[in-house]
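Input: a single structure, listed below in structure tokens.
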Amino acid sequence: MGAMLDSFGLEVLRRDECVALLSAVNVGRVVYTRRGLPAVQPVRFVLRDEDVLCGAPAGSALFAAADGNVVAFEADIFAPDLASGWYVTVLGRAAELRNGSVAAALPDLSWRPRTDDRFLRIPIEVVTGRRLG
């Protein structure tokens, strides 16, 4: 059976494929609402189980707007000539990962968080993905 294609001719990815692709990268973007308008913030992240975990400075617009609200998260990889690649989009209600949970969830970060970083947990409630090429 062939791959399912969307109206743009891109391969539609299954949930398990989307989660596997997210685990292969460590930079993505959080899309949130700021002053009634869409805003996008690139972030470093890790995938733990079915959660996207990312740091945000405590006083940042991202942290203030995202904590307790539904956000989108997107990660992708594309070849420079755009002949191949993929993207995955997650929707979920972001929540602060409290201090006691941070050490357990993030023991092996590939980057050093800033001292004022708070961590957001975005559960993978809805996930979609597409592959090109």
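Hydrogens, waters and symmetry mates play no part in the numbers below; they use all other heavy atoms, side chains included.
For the pair Ala83 and Ala79, the tightest heavy-atom approach, listed with the atom from each and the gap, is N-CB, 4.4 Å. Considering all non-hydrogen atoms of both residues, Val71 and Tyr32 come closest at CG1-CB, 4.0 Å. When all heavy atoms of Gly85 and Phe78 are compared, the pair lying nearest together is CA-CD2, 3.7 Å. Residues Val40 and Arg29 come closest through the heavy atom pair CG1-CB, 3.8 Å. Among all heavy-atom pairs drawn from Ala94 and Ala66, the shortest one is CB-O, 3.3 Å. The two residues Gly55 and Val43 come nearest to each other via the heavy atoms O-CG1, 4.3 Å.
Val27 and Leu53 fall into different hydrophobic clusters, where Ile, Leu, Val, Met, Phe, Trp and Tyr are joined by side-chain heavy atoms under 4.5 Å apart, directly or via other members. In the hydrophobic clustering of ILVMFWY residues, with side-chain heavy atoms under 4.5 Å counting as a link, Val70 and Val31 come out apart. Note: the hydrophobic cluster containing Val19 also contains Val52 (ILVMFWY, side chain heavy atoms under 4.5 Å, direct or indirect links). Val88 and Val12 fall into different hydrophobic clusters, where Ile, Leu, Val, Met, Phe, Trp and Tyr side chains are chained together by heavy-atom contacts under 4.5 Å. In this structure, Tyr87 is a member of the same hydrophobic cluster as Phe8, with clusters built from ILVMFWY side-chain heavy atoms closer than 4.5 Å.
Between the Ser60 side chain and the Phe63 main chain, a donor and an acceptor come within less than 3.5 Å of each other.
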Residues 122-133, side-chain donor-acceptor partners within the protein, below 3.5 Å, at least two apart:
from	atom 1	to	atom 2	distance (Å)
Glu125	OE2	Arg93	N	3.4
Arg130	NE	Asp6	OD2	2.9
Arg131	NE	Glu11	OE1	3.2

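The CD atom of Glu17 lies 12.0 Å from the CG atom of Leu22; values are rounded to the nearest 0.5 Å. Between Ser23 atom OG and Leu47 atom CG the span is 6.0 Å, to the nearest 0.5 Å. With values rounded to the nearest 0.5 angstrom, Leu13 atom CG is found 6.0 Å from Leu21 atom CG.
The stretch residues 58-69 participates, sequence neighbours left out, in no salt bridge (Lys or Arg N to Asp or Glu O under 4.0 Å) pair at all.
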Q | Verdict with supporting geometry, Leu62 and Leu120, side-chain contact (heavy atoms from CB on, under 4.5 Å) | A | CA-CA 10 Å; Leu62 169 60; Leu120 290 172; 4.3 Å; yes
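In this structure Phe73 satisfies the ring pair (Phe, Tyr, Trp, His ring centres under 6.0 Å) test together with Phe45, sequence neighbours excluded. Qualifying side-chain hydrogen bond (donor to acceptor under 3.5 Å, both in side chains) partners for Arg15, counting only residues two or more places apart in sequence or in other chains: Glu50. Every salt bridge (Lys or Arg N to Asp or Glu O under 4.0 Å) that Arg121 has, sequence neighbours left out, goes to Asp51. Here Asp81 pairs with nothing under the salt bridge (Lys or Arg N to Asp or Glu O under 4.0 Å) rule; sequence neighbours left out.
Side-chain contact between Val30 and Cys54 is present, with heavy atoms from C-beta onward closer than 4.5 Å. Between Val25 and Ile77 the shortest side-chain heavy-atom distance falls below 4.5 Å.
Few gaps surround CG on Asp16; more than 12 heavy atoms of other groups in view lie less than 6.0 Å from it.
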